Amino acid sequence: MRDLLKDLNEPQKKAVETTEGPVMVIAGAGSGKTNVLTRRVAYIIDSLAVPKDNILAITFTNKAANEMRERIGHLLEIRTHGMWISTFHAMCAKILREHIDYLGYSTNFQIIDDDDATQMIKIIMRDMDIDPRLIKPKKLKNHVLNVKRDPGLLEEYHEPMVTYLKQVYPQYQKRLKDNNLLDFDDLLLLTIQLLKEEKSVRAFYQQQFEYVMVDEFQDTNDIQYKLIRLLTGEKNNVFIVGDEDQSIYAFRGANIENLKKFQRDFKNVKRIVLEQNYRSTNTILKAANQVIKSNKNRIEKNLFSTKSEGEKIRFFKGMTERDEADYVVEKINELKAKGYDYSDFGVLYRANSTSRIFEETFMKRRIPYTIVGNTSFFKRKEIKDMVAYLRLILNVNDDYSFQRVINEPKRGIGRKTVETLRAFAASQDKSMFEAIGDETNPLSGRAINHLKAFRTMIERLIDQIWQTDFNTFLDDLLNATSYKEALKKDEKGDVRYENILELKTMLKESEKTYDTKDKRTLLTYVLEDISLKSQENDVSDEDSVTLMTMHAAKGLEFPVVFIVALEQGLFPLYRSLEDPQGLEEERRLMYVAVTRAQDYLFLTNAKQRYLFGEPTANRNSVFIKEMDQTLLKPEGYAIANKKKHKTYTKSRQTMMNKHRQSLKDYSDNDLNKGDKITHKTFGEGVVISVASEQCTVAFSQSHGIKTLMKDHPAIKKIDKE
DNA sequence: CACCGGTTTATTTTT
DNA sequence: TAAACCGGTG
């Protein structure tokens with residue numbers, strides 16, 4: 001037997017060894033929970049001789065799942081390939097592939113991502129004559145998905161949203177089903193429905209999953225919670241790990257209350273707390289604790305580090321975002337000289353758009369970098385096009401994919417033709433592809449010829465697809481559809497083609513990975529991977545600096561961390577200040593970001609940066625102020641009262657002059673009741689009341705009364721002349 | 001129907 | 001700023 005408890009501290013050991021009954025582990029940041037989880041799985045297999053397939057382990061990302069799989073394989077020297085270690089969504093997809101026919105869907109369903117869902121909503125809105133200027137498709141999609149997750153919510157909406165939802169939501173569901181498509185929530189909801197309705201299926205999985213483990217429990221939503229309850233049979237061996245301070249996905253429906261609920265719903269929950277932090281220096285940990293302390297309604301934890309005090313946290317303020325990026329480069333070079341590798345650095349930001357300036361600067365200054373998750377590979381147009389072609393070939397009745405590729409590349413089939421075809425197909429209860437062949441369709445000469453040519457082409461591809469390997473087929477497809485030719489005219493065509501080559505590599509890989517002879521099944525798997533792993537952050541093997549959002553950094557650690565653009569409005573975001581809950585979530589995000597750092601932490605921002613194409617000045621983020629200032633070492637413009645910080649003022653003199661006017665315009669509005677202002681989007685308004693940081697403004701007609709941040713860059717005071 | 005050019009509009013986070 | 005969107009022209 002292996003010593004799977006080696007090097008663990010007492011509570012960690014207890015967490016691994018307590019295998020029976022419901023267990024809840026409260027794991028502070030950096031307390032080694034991933035290790036505990038991995039060892040626990042290994043322990044159950046090795047010491048309790050439980051078959052490896054009888055364990056279900058749910059992780060937050062696919063990446064985490066793969067890592068865990070690998071580590072277990074390594075610990076026990078076993079093959080972990082088929083094990084149930086995955087995200088909720090991947091697990092559900094796997095179950096539904098087997099049993100979804102009970103629910104009237106076909107097992108070769110395809111999965112659509114959020115962008116697809118938005119597109120779908122957009123099309124529905126167009127068909128139903130809902131003006132996209134009144135409600136943005138993306139926003140409506142969010143509401144539709146909210147109602148889908150929790151139908152009771154519909155009651156809480158007001159007009160005109162209720163009407164929109166009542167019109168659009170059923171259509172959305174119908175079209176998904178008609179096209180054999182599932183969105184992310186369907187995966188969960190239909191699995192729940194399946195387990196509820198089909199006793200035999202439920203019994204099967206409850207028996208299968210003797211031990212259930214869920215990581216990042218603080219970020220589960222209500223549906224996922226229900227799923228866990230359904231999957232846990234009489235054995236009741238549920239093990240959850242979480243940390244309320246690290247809950248950062250409320251916007252996606254995550255419910256921190258689930259942690260408390262768990263203790264209520266499951267009887268005799270054993271509770272284990274991991275408080276020893278192995279990751280960060282004491283200075284970093286102290287700063288993190290000070291920040292998170294401002295959140296109300298949390299259970300105080302007593303995290304302690306065994307590391308030394310370490311270096312002070314540097315707080316650098318540059319003149320511009322360019323300065324800020326230059327500073328980061330400078331520090332990277334300095335620490336690199338001291339022996340750190342590029343891969344030891346992480347640059348974290350709140351919003352993806354912040355990455356640009358760092359990308360530019362790094363490129364110019366020759367710092368190798370990897371951006372995680374930005375425009376993910378699978379969201380690229382050319383990849384989505386290829387996927388749509390493949391889906392259409394697998395299922396010609398998939399109208400959604402049909403509409404994506406019918407005129408991509410351009411083949412003379414315009415909106416009007418597509419619309420006529422769609423309407424006709426709907427009236428005949430046929431798919432659009434089928435409707436082309438229906439001689440009674442109302443389409444005339446040229447349009448119908450183009451459509452027929454398209455149909456012939458697809459049919460020919462259907463004949464070909466199983467004859468060769470996927471790579472050859474993809475070449476055929478590129479030629480037959482003239483896609484390759486069109487790329488030549490596209491100025492981004494080269495890059496796009498390279499991406500398609502990458503897709504080919506992926507197809508080739510999967511031909512090896514999945515041990516199935518059935519090519520159809522194989523392709524279905526691959527397409528599923530593409531939908532579910534769209535966020536899969538391909539960690540490059542090269543030694544490079546990592547750039548990513550704080551959300552993406554969850555679960556990771558770096559010896560050196562830069563948290564950048566720490567400005568009020570950017571982080572915390574203005575929008576999150578609207579309610580206290582929002583601010584608390586932002587604060588937890590800050591907590592997550594700070595606790596990623598092992599040795600060095602740098603906080604940076606800029607006096608002035610371009611935002612919405614305009615120079616803007618923001619204050620320091622409140623989160624900096626919430627830290628004990630003695631832990632910080634200010635640099636650049638962060639040095640208090642030192643206006644003549646030579647290197648900066650002098651070299652930036654011109655720029656300052658240039659922007660003096662705009663700075664004056666934007667910073668610190670001195671507003672009083674009765675003042676007139678203009679707002680970038682709401683137009684003119686009158687201030688009706690002023691609080692310390694916020695003001696309430698009455699705008700004209702359609703916008704009504706709004707509460708805004710007093711010095712929001714969008715606000716300008718109108719001077720009385 | 002495709003293309004052009006001007007205009008508007010958005011920047012939260014992701015399975 | 002940059003991408004998406006709209007409307008008019010060929």
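Quick caveat: nothing in here was measured; it's all calculated off a predicted structure. Lettering of chains follows the sequences in order, A, B, ..., and the numbering in each one begins at 1.
- Counting non-hydrogen atoms of neighbouring residues, nucleotides and ligands closer than 6.0 angstrom, the CD atom of A:Q193 exceeds 12 such neighbours.
- Atoms OH (A:Y574) and P (B:dA10) sit 18 Å apart, rounded to a whole Å.
- Atoms CD1 and CZ, on A:I112 and A:R391 in that order, are 8.0 Å from each other to the nearest 0.5 Å.
- OP1 or OP2 of B:dT11 has not a single side-chain nitrogen or oxygen of A:R575 nearer than 4.0 Å.
- As judged by a 4.0 angstrom heavy-atom cut-off over every strand, A:D185 is placed among residues making no nucleic acid contact.
- Distance from the side chain of A:D114 is smallest to B:dT14 among B:dT14, C:dA2, B:dT11.
- Contact check, A:N352 against B:dT13: a side-chain N or O comes under 4.0 Å of OP1 or OP2.
- The side chain of A:K410 sits closest to B:dC3 out of B:dT11, B:dC3, B:dT14.
- Among the nucleotides C:dC5, B:dT11, B:dT13, the one closest to the side chain of A:F251 is B:dT13.
- Among the atoms of the strands shown, only primed sugar atoms or phosphate atoms (P, OP1, OP2) are found under 4.0 Å from some heavy atom of A:I413.
- The shortest distance between the side-chain N/O atoms of A:T417 and the OP1/OP2 oxygens of B:dC1 is below 4.0 Å.
- Between A:V418 and A:N142, the residue whose closest nucleotide on DNA chain B is further toward the 5' end is A:V418.
- Atom CZ in A:R350 sits about 11 Å away from atom C1' in B:dT11, given to the nearest Å.
- Following rounding to the nearest Å, A:Y610 (OH) and C:dT1 (P) show an atom-to-atom distance of 8 Å.
- Between A:R587 atom CZ and B:dT12 atom P there is a gap of 20 Å when expressed in whole angstrom units.
- Between the side chains of A:D215 and A:T59, no donor-acceptor pair is found at a separation under 3.5 Å.
- For the pair A:K139 NZ and B:dA10 C1', the computed distance is 13 Å after rounding to whole Å.
- For A:D186 and A:K148, the salt-bridge test passes: some basic side-chain N is under 4.0 Å from an acidic carboxylate O.
- Using P as the reference atom, C:dA4 and B:dT13 are 15 Å apart when rounded to the nearest Å.
- Position along DNA chain B of the nearest nucleotide to A:Y249 versus A:G414 favours A:G414 as the more 5'-ward residue.
- In this model, the phosphate group of B:dA2 is approached by a side-chain N or O of A:N407 to a distance below 4.0 Å at OP1 or OP2.
- Closest contact between the side chain of A:E586 and the listed nucleotides B:dT15, C:dC5, B:dT12 involves B:dT12.
- In this entry the distance linking CD1 of A:I112 with C1' of B:dT15 reads 13 Å, nearest Å.
- When distances run from any side-chain atom of A:A351 to the nucleotides C:dT1, B:dT15, B:dT13, the shortest one goes to B:dT13.
- Across the protein-nucleic acid pair, A:R411 atom CZ and B:dC1 atom C1' stand 15 Å apart, rounded to whole Å.
- Within the 4.0 Å cut-off from OP1 or OP2 of B:dT14, not a single side-chain nitrogen or oxygen of A:K554 is found.
- Listed pair A:K136 / C:dA4 fails the phosphate criterion, with no side-chain N or O lying under 4.0 Å from OP1 or OP2.
- For A:T87, counting side-chain heavy atoms from C-beta on, the closest listed nucleotide (C:dT1, B:dT15, B:dT13) is B:dT15.
- Side chains of A:N255 and A:Y225: no donor on one and acceptor on the other come within 3.5 Å.
- Rounded to an integer number of Å, the gap from A:E360 CD to C:dA2 P is 8 Å.
- For the residue pair A:E324/A:T604, the side-chain donor-acceptor check at 3.5 Å is satisfied.
- At the phosphate of B:dT12, neither OP1 nor OP2 sits under 4.0 Å from any side-chain N or O atom of A:T549.
- Rounded to the nearest Å, the gap between the P atom of B:dT11 and that of C:dC6 is 15 Å.
- The side-chain hydrogen bond (donor to acceptor under 3.5 Å, both in side chains) test applied to A:R596 returns A:Q246, not counting sequence neighbours.
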